[in-house]
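All heavy atoms count here, side chains included; hydrogens, waters and symmetry mates do not. Residue numbers start at 1 and run along the sequence shown.
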Amino acid sequence: YGFVTRNDLMEKYGIEAINSVEEGRSNKMGIITSVGPQHLETFHTLENVQKTKFELEASLPSDGKIFVNWEDANIRSYMGHATHEAVKYGLNDSCHYYATDISASSKGTSFTVHTPSGDSDVFTTKMVGAHNVINIVGAIAVCCELGIPLAKLKTQVRKLESVPHRLQLIRRQGITIIDDAFNANPTGAKAAIDAIVFEPEVGAVYDATVVKILASKDKPNEDIGCFVEYAPGKEGMVHISKIAPRRIEKVEDVLKVGDV
């Protein structure tokens with residue numbers, strides 16, 4: 001019913017990649033997730049990459065729908081060549097489907113998805129990185145246009161697993177590793193770096209996981225507080241006075257290691 005542009009097929013089939021694979025199909029929907037300087041040894045110019053990926057849009061029937069990542073400047077700049085009205089998805093309200101309130105933690109990412117009808121819901125995923133959120137919003141957009149409500153998509157999004165070696169969260173002996181070894185393009189590399197060097201904003205609220213309880217050496221019956229991981233590989237200390245609205249002496253009166 002639908003088709004997503006794939007760089008490996010483009011590299012195999014060349015400039016007519018999409019048309020070659022599309023021949024004989026009757027797709028009603030297509031989604032273009034990104035246009036970047038990948039496989040230039042085959043396509044030579046960014047313009048050729050744009051043209052090739054938009055062959056998908058041109059192959060759709062007159063009543064077909066094309067979904068586009070509106071955060072991608074190379075997609076936006078080529079939309080003047082499109083013959084179908086696009087369903088836009090991204091991270092701002094200029095899109096038909098968009099995510100807000102993105103919050104990273106040691107368990108992944110949470111975000112709120114908004115739809116053209118005004119509906120919204122909070123989603124969680126094990127994946128990290130804004131580009132993964134954008135991709136998920138694109139998939140949600142397609143599902144919604146097929147008549148599937150947001151509420152029925154939450155569990156499936158929560159079950160999504162990272163592709164091995166693509167911003168994959170690995171935990172070993174208390175250490176969080178972000179494995180991005182298969183990354184091979186500038187856009188993806190930037191997204192990985194953004195996830196790794198993430199810095200919290202003053203006044204912002206983040207989901208955090210308790211990773212260690214800090215006991216007082218002078219007062220064995222009291223704790224100083226706890227360390228929490230608020231983003232992959234990022235930790236901070238929470239003083240015991242900030243953990244509960246009442247006075248407590250032990251962190252475990254309220255929280256234990258692993259709690260969020």
Could you walk me through whether Tyr89 and Ile140 pass the side-chain contact (heavy atoms from CB on, under 4.5 Å) test, one step at a time?
CA-CA 9 Å; Tyr89 65 89; Ile140 290 172; over 6 Å; no
Quick one, Val210 with Lys256, criterion side-chain contact (heavy atoms from CB on, under 4.5 Å). Give me CA distance, side-chain angles, the key distance, then yes/no.
CA-CA 7 Å; Val210 178; Lys256 62 181 182 294; over 6 Å; no
Could you go through Gln50 and Ser77, starting from their C-alpha distance and side-chain angles, then the distance that decides it, and tell me whether this counts as side-chain contact (heavy atoms from CB on, under 4.5 Å)?
CA-CA 9 Å; Gln50 288 176 306; Ser77 67; 3.2 Å; yes
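Within the 4.5 Å cutoff, the side chain of Phe54 has no heavy atoms near those of the Ile66 side chain. At a threshold of 4.5 Å between non-hydrogen side-chain atoms, the residues Ser34 and His131 do not count as touching. The side-chain heavy atoms of Thr109 and Asn132, taken from C-beta on, include no pair separated by under 4.5 Å. Here the side chains of Tyr98 and Val137 are not in contact, with every heavy-atom distance at 4.5 Å or above.
If you chain together hydrophobic residues whose side chains sit under 4.5 Å apart, Leu160 and Ile102 fall into the same group. Residues Leu146 and Val157 are members of one and the same hydrophobic cluster, defined by side-chain heavy-atom contacts under 4.5 angstrom among Ile, Leu, Val, Met, Phe, Trp and Tyr. Taking hydrophobic clusters as Ile, Leu, Val, Met, Phe, Trp and Tyr residues chained together by side-chain heavy-atom distances below 4.5 Å, Val142 shares a cluster with Ile148. The hydrophobic cluster containing Leu46 also contains Ile75, counting ILVMFWY residues as joined when their side-chain heavy atoms lie under 4.5 angstrom apart, directly or transitively.
The shortest non-hydrogen separation linking Asn48 to Thr52 is O-OG1, 2.8 Å. Closest heavy-atom contact between Ile213 and Glu252: CD1-CG, 3.2 Å. Across all their heavy atoms, Gly90 and Cys95 have their closest contact at N-SG, 3.6 Å. Shortest non-hydrogen contact noted between Leu56 and Gly30 is CD2-CA, 4.0 Å. Contact record, Asp253 with Ile248: OD2-CB, 4.4 Å, taken as the closest heavy-atom pair.
Atom OG1 of Thr209 is separated from atom CZ of Phe227 by 15.0 Å, given to the nearest 0.5 angstrom. Rounding to the nearest 0.5 Å places CZ of Phe111 at 8.0 Å from OG1 of Thr124. Ile31 CD1 to Asn69 CG: the interatomic distance, rounded to the nearest 0.5 Å, is 8.5 Å. Considering CD of Glu249 and CD of Glu222, their distance stands at 4.5 Å, rounded to 0.5 Å. Between Ile136 atom CD1 and Met127 atom CE the span is 5.5 Å, to the nearest 0.5 Å. Ile224 contributes atom CD1, which lies 10.5 Å from atom NZ of Lys219 (distance to the nearest 0.5 angstrom).
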Only pairs under 3.5 Å count here: list side-chain donor-acceptor contacts from residues 237-247, not counting sequence neighbours, and write none if there are none.
unit_1	atom_1	unit_2	atom_2	d
His239	ND1	Ser241	N	3.0
His239	ND1	Ser241	OG	2.8

Less than 3.5 Å apart, which donor and acceptor atoms pair up between the side chains of residues 78-87 and the rest of the protein, not counting sequence neighbours?
unit_1	atom_1	unit_2	atom_2	d
Thr83	OG1	Glu57	OE2	3.1
His84	ND1	Glu57	O	3.4
His84	ND1	Glu57	OE2	2.7
His84	NE2	Leu60	O	3.4
His84	NE2	Pro61	O	2.7

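Every residue two or more places apart in sequence or in another chain that forms a side-chain contact (heavy atoms from CB on, under 4.5 Å) with Ala141 is listed here: Phe67, Tyr97. Every side-chain contact (heavy atoms from CB on, under 4.5 Å) that Ser120 has, sequence neighbours left out, goes to Thr112, His114.
Lys28 contributes no side-chain N or O that, together with a main-chain N or O of Asp63, makes up a donor-acceptor pair within less than 3.5 Å. Checking side-chain atoms of Asp223 against main-chain N and O of Val251 turns up a donor-acceptor pair under 3.5 Å.
The list of salt bridge (Lys or Arg N to Asp or Glu O under 4.0 Å) pairs with a residue in residues 65-83, not counting sequence neighbours, reads Lys65-Glu145. For residues 150-159, every residue pair satisfying the salt bridge (Lys or Arg N to Asp or Glu O under 4.0 Å) rule, not counting sequence neighbours, is listed here: Asp121-Lys154.
The number of heavy atoms from other shown groups lying within 6.0 Å of NZ (Lys250) is above 12.
A salt bridge does not link Glu47 with Lys51: none of the charged nitrogens is closer than 4.0 Å to a carboxylate oxygen.
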